[in-house]
Protein chains: 2
Amino acid sequence: MTQSQQGEPKRHRSRRSAKQKMRLADVARRAGVSEATASRAINRPELVRPEVRERVARAIQELSYVAHGAARALASDRTHSIGLIVPTLRTAVFAESAEILQQALNRSGYHLIIASSEYDKAREYHEVRALLQHGIDGMVLVGQDHAPELWQLLERSGLPFVTAFQYAGESSYPCIGVDNRQEFYDATRFLINLGHTNIGVLTAETAGNERLAARVAGARDCIGDHGLPKPDVVEVPSTLTDARQGLRRLVERNAHITAVACTNDLMAFGALAECRTLGIDVPGQLSVIGFDDLDIAEHTQPSLTTVRLPLAEQSRRVGEYLLARIEGRDAPSSTRLKASFIVRESTGRPPEPARATVQRSSADAGPLQTPSSKRRARSAAE
Amino acid sequence: MTQSQQGEPKRHRSRRSAKQKMRLADVARRAGVSEATASRAINRPELVRPEVRERVARAIQELSYVAHGAARALASDRTHSIGLIVPTLRTAVFAESAEILQQALNRSGYHLIIASSEYDKAREYHEVRALLQHGIDGMVLVGQDHAPELWQLLERSGLPFVTAFQYAGESSYPCIGVDNRQEFYDATRFLINLGHTNIGVLTAETAGNERLAARVAGARDCIGDHGLPKPDVVEVPSTLTDARQGLRRLVERNAHITAVACTNDLMAFGALAECRTLGIDVPGQLSVIGFDDLDIAEHTQPSLTTVRLPLAEQSRRVGEYLLARIEGRDAPSSTRLKASFIVRESTGRPPEPARATVQRSSADAGPLQTPSSKRRARSAAE
DNA sequence: CAAACATATGAAAGCGTTTGCATTACAAAA
DNA sequence: TTTTGTAATGCAAACGCTTTCATATGTTTG
């Protein structure tokens, strides 16, 4: 606790407050070594004799020394922070992913700096600029639909980066995520296998949201591939109120509709709520599926059949990828993750006997998995 | 596009990649001024002749110069980043606040670095340390219930900081938020004013969550102040499934219970869901209130009477406070925000005529406000 | 017209680390 | 012994900016 201030060079700008912050020089002096050795004791302990290492550690402890991040970053060219740009944190899926990623990075001594673009490409570009300027060692983006200048900036900067939440193929920029088109294709097939032939699609705005757009495409493709008529696709703003309206529009315009594929759980909740209001029995008269498996999905009335994203795995892999790249190792640039399909109560056979050509079994409907959900799936309208 | 590399001092460490990053010196040379002037043109434009300012701006543009954050931070002792530590981003209220704060700070040229503590004090302490080391200009914490070492560290560092989500009085550390005790006191009074005399409390774990604890206290106090018997308080883990169990326990243990005050919307949703399962009519047989006003609150069946937090205002004020402190201005250290009470369908008069002493009018029940909610409140069991 | 002042600029000293290179200390080999 | 090699340390030069201080250039003013 007794550090004599002797010998300290006068500070040329007197900005330090009364409580002088300890610097590496203080630690070094106390441990009786040079700054270089003190630095090495911290960063490359294997280069320093155990006894010295020990002394430095003690000095750090006693002086409650905290390294100066900026100085360190300047000298070492490593900021130990990673940037993440999500469309919004208000979406549970992004918030949760951010949280998991942050935890994962923390464990490796990295920090997460989060920015949100509000689904606005120009804004996103500026966020990237700002992050680049702030200084980051790596960056995570959502999807691959970004302003060209953004890509250019990113490539020029030479910064390691990945995109997440959408598998974009081998030949794209590095990406880690599920194939939204395929996953929703499979989900839609589940409905078809149940016997549905008149399926509507309810989606939030797809402009600027490639994930949603891919899901819609998946549903369309699946329905087309099974020789069914083109589905009615209703696109609404991303609120529950709009989702309810969307459901109403869907059932009003399509008298014989028996299933609605919603591109996310929010839409599905809206649909469920509106069905309740309209007196439509789910799944008796109408089957509903969602996408995301939000916490409430299990507790709605009826509970929601939906697609669960492997968020934890995605975040973990994103972290691993980035750290590998930062450390100069290379890593598989494209990873395709698989979602799981969660069958709950909101889906069943259509009310009228199905047309004929369609197969009955619901067993082979894509990559099914029965989750640790209390309420079990049912395969027919009870 | 043509910059000659002549005159450049040889780099003593050859870490720069092929694509040489532009430095301030490059900009200065191109603009025909000294580095000092270039720097000023960027940071204190008013000190530089407009014409020169213009030339520097053009040089920056042409070279697509991006300032080096770490160097800047080292020289100026400003990182332009703010740390935020929340218990978890999985809670919508925190995620939303983080988002709003981040946006607000961005507008002022600051970045938000988010960390989460998972409601663990030790972990939180380490996050603070890590943020301090990384270098931040200010810090936001949730509530005032933190490890003593954390406070100590924070005070020693001299870093500007605020706590949010709970008003802790004038004499506390700087805080900006609502008074959770009072707000829930008022909410409970609303129930009492409706005629309820047997009110249960359902809460998620209060250990390490002073906001929840304060709300429970508010309910207890209110019930006590009205001469009613001590309420049954059920505390469960913070999941919907547990909330449902909690509701069941509450109604099983208290045959005459007519209202349940839930300390957050999650608990309330669970309660509502379980009531549906148990065939309990809400609000016919049981009234339910929540806290937070999550998006779905308006769309549950029945819609949920709850308390809405002024998140946007809170985040805005937090940002303002911090920036003021960083710039050396001082700011009111404690700000008490008011929540709004949102009356929806989940509350009504108790089924049996109330005991007598309790007043009938629901009009003077605290700081009521009728929100822009489509569905209007109703004051009695229809 | 000189004095007094304001305004713009540049030179250079840091900011607190890391790290290339040189040096020292010591053990193993000759 | 002396040589050679290796492991541990120190010196001092960056890292890329900001900012103090001094200087130069105008602009008023008495």
Please round to the nearest 0.5 Å and tell me the distance separating atom CD1 of A/Ile136 and atom CG of A/Leu131.
4.5 Å

Using whole Å, report how far CZ of B/Arg72 lies from P of D/dC15.
19 Å

Partners meeting ring pair (Phe, Tyr, Trp, His ring centres under 6.0 Å) with A/Phe165 (sequence neighbours left out)
A/Phe94

For A/Glu327, give me all partners under salt bridge (charged side-chain N to carboxylate O under 4.0 Å, His left out), at least two apart in sequence or on another chain.
A/Arg329

Could you tell me how far apart A/Arg78 (CZ) and D/dC15 (P) are, to the nearest whole angstrom?
16 Å

For B/Arg58, what residues pass the salt bridge (charged side-chain N to carboxylate O under 4.0 Å, His left out) criterion, not counting sequence neighbours?
B/Glu54

By side chain to side chain donor-acceptor pair (under 3.5 Å), which residues pair with A/Thr37, not counting sequence neighbours?
A/Ser34

Which of D/dA8, C/dG14, D/dC15 is nearest the side chain of A/Arg49? It is D/dA8

Without decimals, in angstroms, what is the distance between A/Lys21 NZ and C/dG16 C1'?
13 Å

Who passes ring pair (Phe, Tyr, Trp, His ring centres under 6.0 Å) against A/Tyr173, sequence neighbours left out?
A/Trp151, A/Phe161

What is the separation between atom CG on A/Leu74 and atom C1' on C/dT19, rounded to the nearest whole Å?
13 Å

Got a list of side-chain donor-acceptor pairs under 3.5 Å for residues 67-74 of chain B, not counting sequence neighbours?
residue	atom	partner	partner atom	Å
B/His68	ND1	B/Ala70	N	3.3
B/His68	ND1	B/Ala71	N	3.1

Residue set satisfying ring pair (Phe, Tyr, Trp, His ring centres under 6.0 Å) with B/His111, at least two apart, ordered chain then number -> A/His134

Heavy atoms within less than 4.0 Å of DNA chain D: which residues of residues 33-47 of chain B have one? Give them sorted by number.
B/Glu35, B/Ala36, B/Ser39, B/Arg40, B/Asn43

What integer distance in Å separates A/Asp77:CG from D/dA14:P?
16 Å

Roughly how many Å is it from NE2 in A/His80 to P in C/dT17, rounded to a whole number?
14 Å

Please check if any side-chain donor atom of B/Arg317 sits under 3.5 Å from a side-chain acceptor atom of B/Tyr321, or the reverse.
no

Nearest-angstrom distance from the residue atom CZ of B/Arg55 to C1' of C/dG10
14 Å

What's the angle between the local helix axes at either end of the helix from C/dC1-D/dG30 to C/dA30-D/dT1, using five pairs per end and rounding to 10 degrees?
40°

Upstream residue (5' side of DNA chain C) when B/Val52 and B/Ala71 are each assigned their closest nucleotide
B/Val52

In whole angstroms, the gap separating P of C/dC15 from CG of A/Leu24 amounts to 14 Å

